[in-house]
There are 2 protein chains.
Amino acid sequence: MTASPTLTRWFDMCQHRRMSNALSLPVLEPDVVEPCCPPLTERPLTAEESERTAVMFKALSDPVRLRLFSLVASHPGGEACVCDISDVGVSGPTVSFHLKKLKQAGLLASERRGTWVYYRVEPSVLAAMGALLTSPVRA
Amino acid sequence: MTASPTLTRWFDMCQHRRMSNALSLPVLEPDVVEPCCPPLTERPLTAEESERTAVMFKALSDPVRLRLFSLVASHPGGEACVCDISDVGVSGPTVSFHLKKLKQAGLLASERRGTWVYYRVEPSVLAAMGALLTSPVRA
DNA sequence: CATCTGTTTCGATAAACGTCAATATAGACG
DNA sequence: CGTCTATATTGACGTTTATCGAAACAGATG
């Protein structure tokens with residue numbers, strides 16, 4: 001499978017670089033990425049924004065995926081091979097299925113090195129989600 | 001079902017609330033989820049933690065719910081009546097269904113005042129979710 | 001009381017989801 | 001080459017979800 005249409009559109013809208021001038025830029029700025037949407041408390045999301053944002057939250061809406069994600073995110077070196085994290089109580093194919101979902105949502109990236117496949121967190125997307133949930137000063 | 005000892009400890013560590021005014025409420029809001037948990041990048045979530053956390057993310061994993069939530073969260077005064085936010089492209093019953101889900105996840109609270117029902121954001125839960133997504137290892 | 005308006009619940013349905021067993025692919029190693 | 005190991009895909013199956021129309025409920029007002 002190639003990159004999902006959803007993912008591609010997300011990057012188009014959220015990070016205007018890449019498509020236009022990614023050819024010459026090696027994408028080195030990880031965390032100054034502009035979040036795709038303002039905090040949820042700032043203004044109502046448009047229908048389109050909510051569609052896009054829901055994909056990211058949905059990726060973390062499953063217990064197994066949440067565990068896999070935290071296993072990768074907290075792994076020394078910032079990445080983990082599938083063999084390191086596949087002991088979460090479901091079958092191998094199911095682990096693969098969930099990792100694929102996380103990848104399609106843009107939360108993880110994968111790379112094969114020899115026998116093993118390594119997954120690592122896409123830091124900018126995580127930061128963008130965190131920014132969505134920043135709370136106002138009241139409380 | 002009552003809170004397990006583990007749950008109670010989490011509850012204590014993460015935020016002290018709800019103990020004082022819980023007695024007047026019967027079991028009307030039983031499935032309120034205690035928000036909690038360390039950043040996803042800090043250490044792997046346990047099975048139990050991931051089950052609990054997934055409920056919160058699942059609440060925001062639907063476009064309509066995300067929109068409803070941002071409509072409430074960004075509404076002047078910090079609350080909105082259903083009539084103010086029900087123009088999101090789905091039927092009335094569906095709006096009610098989604099608001100109920102958000103309430104069950106602990107993200108919204110509701111109160112009837114006369115003819116209208118008002119929903120407001122549960123700020124501590126929002127902050128807890130934001131804390132979960134703090135950026136991965138800044139080295 | 002009767003009625004109107006706003007909101008929720010109920011019943012049904014189609015779509016999406018999570019899971020596994022079986023199968024396929026990719027690379028390592030003889 | 002053949003085989004072994006590590007991941008991924010496929011197909012099937014049961015469960016959950018989002019949605020609506022109809023009906024019920026709650027409160028205001030006549």
Side-chain angles (χ1 to χ4, degrees), chain A residues 1-7 47 50-51 53-69 71-72 75 79-105 107-120, chain B residues 27-31 47 50-51 53-69 71-72 75 79-105 107-120:
Chain A
M1 277 296 177
T2 62
S4 75
T6 305
L7 181 60
S50 60
E51 291 279 350
T53 308
V55 174
M56 299 189 296
F57 282 107
K58 185 171 289 182
L60 294 181
S61 71
D62 179 88
V64 175
R65 277 200 293 273
L66 215 36
R67 253 187 118 185
L68 288 171
F69 184 85
L71 277 163
V72 171
H75 207 262
E79 65 177 16
C81 92
V82 180
C83 60
D84 287 327
I85 62 178
S86 47
D87 188 19
V88 288
V90 294
S91 69
T94 300
V95 168
S96 201
F97 164 77
H98 284 302
L99 288 173
K100 185 180 179 181
K101 285 253 178 182
L102 287 166
K103 192 176 169 182
Q104 286 177 332
L107 290 167
L108 292 182
S110 71
E111 179 191 359
R112 171 161 225 137
R113 289 204 295 274
T115 304
W116 295 282
V117 176
Y118 292 82
Y119 282 80
R120 66 181 178 283
Chain B
V27 205
L28 277 176
E29 292 166 296
D31 27 33
S50 60
E51 291 279 349
T53 307
V55 175
M56 299 189 295
F57 282 106
K58 184 172 292 183
L60 294 181
S61 71
D62 179 89
V64 176
R65 278 199 292 274
L66 215 37
R67 251 188 120 186
L68 288 171
F69 184 84
L71 277 163
V72 172
H75 208 262
E79 64 178 15
C81 91
V82 180
C83 59
D84 286 327
I85 61 177
S86 45
D87 188 18
V88 288
V90 293
S91 69
T94 301
V95 168
S96 200
F97 164 78
H98 284 301
L99 288 173
K100 186 180 180 182
K101 285 255 179 181
L102 287 166
K103 191 175 170 183
Q104 286 176 333
L107 274 71
L108 292 181
S110 71
E111 178 192 1
R112 172 161 225 137
R113 290 203 295 273
T115 304
W116 295 282
V117 176
Y118 292 83
Y119 282 82
R120 65 180 177 282

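So you know, we letter chains A, B, ... as the sequences are listed, proteins then strands, and number each from 1. Keep in mind that this is a model prediction, so the values were computed, not measured.
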Interatomic distance where [atom1] belongs to [X] and [atom2] belongs to [N] [whole Å]:
| X | N | atom1 | atom2 | answer |
| --- | --- | --- | --- | --- |
| B:Leu60 | D:dT17 | CG | P | 15 Å |
| A:Asp62 | C:dA16 | CG | P | 18 Å |
| A:Asp87 | D:dA6 | CG | P | 14 Å |
| B:Arg65 | D:dT16 | CZ | C1' | 12 Å |
| A:Glu111 | C:dA26 | CD | C1' | 15 Å |

Not counting sequence neighbours, list each pair that qualifies as a side-chain hydrogen bond (donor to acceptor under 3.5 Å, both in side chains) and has a residue in residues 79-90 of chain A.
->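 Non-adjacent pairs meeting side-chain hydrogen bond (donor to acceptor under 3.5 Å, both in side chains): A:Glu79-A:Arg113.
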
Test of understanding: with side chain to side chain donor-acceptor pair (under 3.5 Å), list the residues that count as partners of [X], not counting sequence neighbours.
| X | result |
| --- | --- |
| A:Thr115 | none |
| A:Thr94 | A:Ser91 |
| A:Arg65 | A:His98 |

Under the salt bridge (charged side-chain N to carboxylate O under 4.0 Å, His left out) test, residues paired with B:Arg120 that sit two or more places apart =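 In terms of salt bridge (charged side-chain N to carboxylate O under 4.0 Å, His left out), with neighbours along the sequence ignored, B:Arg120 is linked to B:Glu111.
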
Just to confirm, is there a sub-4.0 Å distance from OP1 or OP2 of D:dT19 to any side-chain nitrogen or oxygen of B:His98?
->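 B:His98 to D:dT19 OP1/OP2: side-chain N or O found under 4.0 Å.
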
Hey, is the side chain of A:Arg113 poking within less than 4.0 Å of OP1 or OP2 on C:dG27, counting only N and O atoms?
->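 For C:dG27, OP1/OP2 do not have a side-chain N/O of A:Arg113 under 4.0 Å.
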
A correct 5'-to-3' footprint of nucleotides 2-15 of chain C, with B, S and - meaning base, sugar-phosphate only and no protein heavy atom under 4.0 Å, is ----SSBB------

Where the side chain of A:Ser96 meets the backbone of A:Pro93, is there a donor-acceptor pair that is under 3.5 Å apart?
->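 Not a single qualifying donor-acceptor pair exists.
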
